[in-house]
Every structure is written in structure tokens, then in C-alpha cells.
Chemist: 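Mind having a look at this structure? Questions to follow.
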Amino acid sequence: EVQLVESGGGLVQTGGSLRLSCEFSGFGSYDYVIGWFREAPGKEREGVSSMSSDGSTTYYSDSVLGRFTTSSGSAKNTVYLQMNSLKPEDTAVYYCAADLAPLPLDGITWAGQGRYDYWGQGTQVTVSS
């Protein structure tokens with residue numbers, strides 16, 4: 001059974017940092033892409049970043065480029081989203097998602113929710129002004 005579990009959310013002041021973790025299991029021998037998405041109240045879910053399993057390809061939305069970084073952990077079943085210089089507009093529920101046996105990651109489809117087969121339950125990030 002495929003599972004993804006996010007952790008690391010919380011309340012932080014403007015300009016602060018948080019690191020989210022996405023621990024996954026059940027992928028077997030499949031190659032994968034891990035995406036991060038967020039959903040703010042009253043807004044549609046949007047792509048934040050995406051990374052290939054070997055870490056060689058990453059994409060970021062314009063709104064987080066230069067502030068957020070996605071990476072793999074030393075434990076191969078964990079992906080991180082390091083979030084720096086946080087702003088109130090970053091407040092949202094953050095989800096990680098997996099695309100198993102994926103087509104190559106590209107600059108157009110990386111942020112499409114339909115690409116991803118499995119989703120975590122989300123973790124709340126709140127940035128106070």
C-alpha cells in the first residue's frame with residue numbers, strides 16, 4: 001500500500017523558516033516524482049515544487065522560487081521542502097504527492113494535479129504578519 005505522510009507544519013512569523021517532510025512507503029521498485037502542493041482558504045490547490053527521484057530535476061512555482069528548496073533525505077524514503085523567508089501569503093495546507101512510473105518531469109506538467117497518483121493528508125503552515 002502506498003502511503004505519504006507530511007509533517008513539520010506549524011505557526012511561524014513572517015521571515016521565518018520551516019522544513020516540511022514527506023515520508024513515503026509502498027513504492028516498490030517504481031521510479032517516482034514527488035510534488036509539493038498547497039491549498040489556501042478560498043483558493044485552488046496549486047503546485048509549489050516537484051522533484052525527480054534522483055534529484056536531478058526540480059521545478060518551482062514563481063511565487064516560491066529562490067525561497068523554497070526540495071531535496072531528498074539521507075533516508076531514501078523522505079523528501080523535504082525547506083521554506084525560508086516565509087510570507088503570510090504562504091499560509092496554506094501543504095500536501096506532498098507521488099507520481100509512480102512517471103513520464104519525464106517537465107516544466108509544464110510538473111504542477112498538474114492529475115499527474116500525481118497518491119497524496120498525503122496535508123500539514124498546516126501558518127505565517128503570521
Chemist: So does Leu100 get a backbone contact from the side chain of Asp117, meaning a donor-acceptor N/O pair under 3.5 Å?
Modeler: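 Answer holds: yes.
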Chemist: Might you point out which heavy atoms bring Gly120 and Tyr95 nearest each other, and give the distance in Å?
Modeler: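 Here Gly120 and Tyr95 meet closest at O-CD2, 3.6 Å.
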Chemist: Is any side-chain heavy atom of Ser128 closer than 4.5 Å to a side-chain heavy atom of Leu11?
Modeler: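 Answer yes - side chains close enough.
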Chemist: Can you name the nearest heavy-atom pair linking Leu4 to Cys22, along with the distance?
Modeler: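 In this case the closest contact between Leu4 and Cys22 is CD2-SG, 3.7 Å.
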Chemist: If every non-hydrogen atom of Asp54 is compared with every non-hydrogen atom of Ser56, which pair is closest and at what distance?
Modeler: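 What the structure gives for the nearest pair is OD1-OG, 2.7 Å.
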Chemist: Please report the interatomic distance CD(Gln13) to OG(Ser129), rounded to the nearest 0.5 Å.
Modeler: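 It comes to 9.5 Å.
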Chemist: Would a single hydrophobic cluster contain both Val33 and Val2, if residues Ile, Leu, Val, Met, Phe, Trp and Tyr are joined by side-chain heavy-atom contacts under 4.5 Å?
Modeler: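 Per the 4.5 Å side-chain linkage, Val2 and Val33 are not co-clustered.
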Chemist: Side chains of Ser61 and Trp110, heavy atoms from C-beta outward: is any pair under 4.5 Å?
Modeler: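 With C-beta onward as the side chain, the pair touches.
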Chemist: Any donor-acceptor pair under 3.5 Å linking the side chain of Tyr59 with the backbone of Ile108?
Modeler: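 Side chain of Tyr59 to backbone of Ile108, a donor-acceptor pair under 3.5 Å: no, none is there.
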Chemist: Working to the nearest 0.5 angstrom, can you tell me the gap between Phe24 CZ and Tyr32 OH?
Modeler: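 Atom-to-atom, Phe24:CZ and Tyr32:OH are 3.5 Å apart.
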Chemist: Please identify each residue that fulfils side-chain hydrogen bond (donor to acceptor under 3.5 Å, both in side chains) with Gln113, with sequence neighbours left out.
Modeler: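 Gln113: no side-chain hydrogen bond (donor to acceptor under 3.5 Å, both in side chains) contacts found.
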Chemist: How long is the straight-line distance from CD of Gln3 back to CZ of Phe27, given to the nearest 0.5 Å?
Modeler: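 Between Phe27 CZ and Gln3 CD, I get 10.5 Å after rounding to 0.5 Å.
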Chemist: Which word best sums up how the rings of Trp119 and Tyr116 line up, parallel for under 30°, tilted for 30 to 60°, or perpendicular for over 60°?
Modeler: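 Answer is perpendicular, since the angle exceeds 60°.
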Chemist: Heavy-atom distance under 4.5 Å between the side chains of Met83 and Arg67, does that happen here?
Modeler: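 Result no, sub-4.5 Å side-chain heavy-atom pair not found.
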Chemist: Give me the atom names and distance for the closest heavy-atom approach of Tyr60 to Thr70.
Modeler: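 Closest approach of Tyr60 to Thr70, heavy atoms only: OH-N, 2.9 Å.
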Chemist: Under 3.5 Å, side chain of Ser52 to main-chain N/O of Thr57, donor-acceptor pair present?
Modeler: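 Yes, because the side chain of Ser52 sits within donor-acceptor range (under 3.5 Å) of the backbone of Thr57.
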Chemist: Same hydrophobic cluster for Leu65 and Val125, using side-chain heavy-atom links shorter than 4.5 Å among ILVMFWY?
Modeler: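 In one cluster with Leu65: Val125, yes.
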Chemist: Can you sort out the partners of Glu39 under salt bridge (Lys or Arg N to Asp or Glu O under 4.0 Å), two or more places apart, ordered by chain and number?
Modeler: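 Arg45.
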Chemist: Establish whether Val64 and Phe37 are linked, either directly or via other cluster members, by ILVMFWY side-chain heavy-atom contacts under 4.5 Å.
Modeler: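 No, it is not one cluster - the side chains of Val64 and Phe37 are not joined through contacts under 4.5 Å.
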Chemist: What verdict does the side chain to side chain contact (heavy atoms under 4.5 Å, CB included) test give for Tyr80 and Thr69, after you've listed the backbone C-alpha separation in whole Å, the side-chain angles of each residue and the deciding distance to 0.1 Å?
Modeler: CA-CA 8 Å; Tyr80 300 107; Thr69 304; over 6 Å; no
Chemist: Calculate, to the nearest 0.5 Å, the distance between atoms CG and OH belonging to Leu81 and Tyr94 respectively.
Modeler: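 Rounded to the nearest 0.5 Å, the CG-OH separation comes out at 7.5 Å.
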Chemist: Can you find a heavy atom in the side chain of Val12 that is under 4.5 Å from one in the side chain of Ser17?
Modeler: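 SC-SC contact between Val12 and Ser17 ruled out.
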Chemist: Is the closest side-chain donor-acceptor distance between Arg115 and Thr109 under 3.5 Å?
Modeler: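 Judged by distance alone, the side chains do pair up.
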Chemist: Would you check if Thr91 and Arg38 make a side-chain contact, meaning some heavy-atom pair closer than 4.5 Å?
Modeler: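 Thr91 vs Arg38: side chains apart.
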Chemist: Would you find more than 12 non-hydrogen atoms of other residues, nucleotides or ligands less than 6.0 Å from Glu23 atom CD?
Modeler: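 No, not enclosed.
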Chemist: When rounded to the nearest 0.5 angstrom, what distance separates CZ in Phe68 from CG in Leu20?
Modeler: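 Phe68 atom CZ to Leu20 atom CG measures 8.0 Å (nearest 0.5 Å).
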Chemist: Check whether any side-chain heavy atom of Met51 lies under 4.5 Å from a side-chain heavy atom of Ser72, and answer yes or no.
Modeler: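 Of all side-chain heavy-atom pairs linking Ser72 with Met51, at least one is under 4.5 Å.
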Chemist: What heavy-atom pair brings Leu105 and Ser50 nearest, and what distance separates the two atoms?
Modeler: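 Reported closest heavy-atom pair: CD1-OG, 3.5 Å.
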Chemist: Looking at every heavy atom in both Ala111 and Gly47, which two are closest together, and how far apart are they?
Modeler: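 What the structure gives for the nearest pair is CB-CA, 4.3 Å.
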Chemist: Is there side-chain contact between Pro102 and Asp31, with at least one heavy-atom pair below 4.5 Å?
Modeler: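 When only atoms from C-beta onward are counted, Asp31 and Pro102 do touch, with a gap below 4.5 Å.
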Chemist: State, yes or no, whether a side-chain contact exists between Cys96 and Val79 at a heavy-atom distance under 4.5 Å.
Modeler: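 The answer is no, as the side chains (C-beta and beyond) never meet within the 4.5 Å cut-off.
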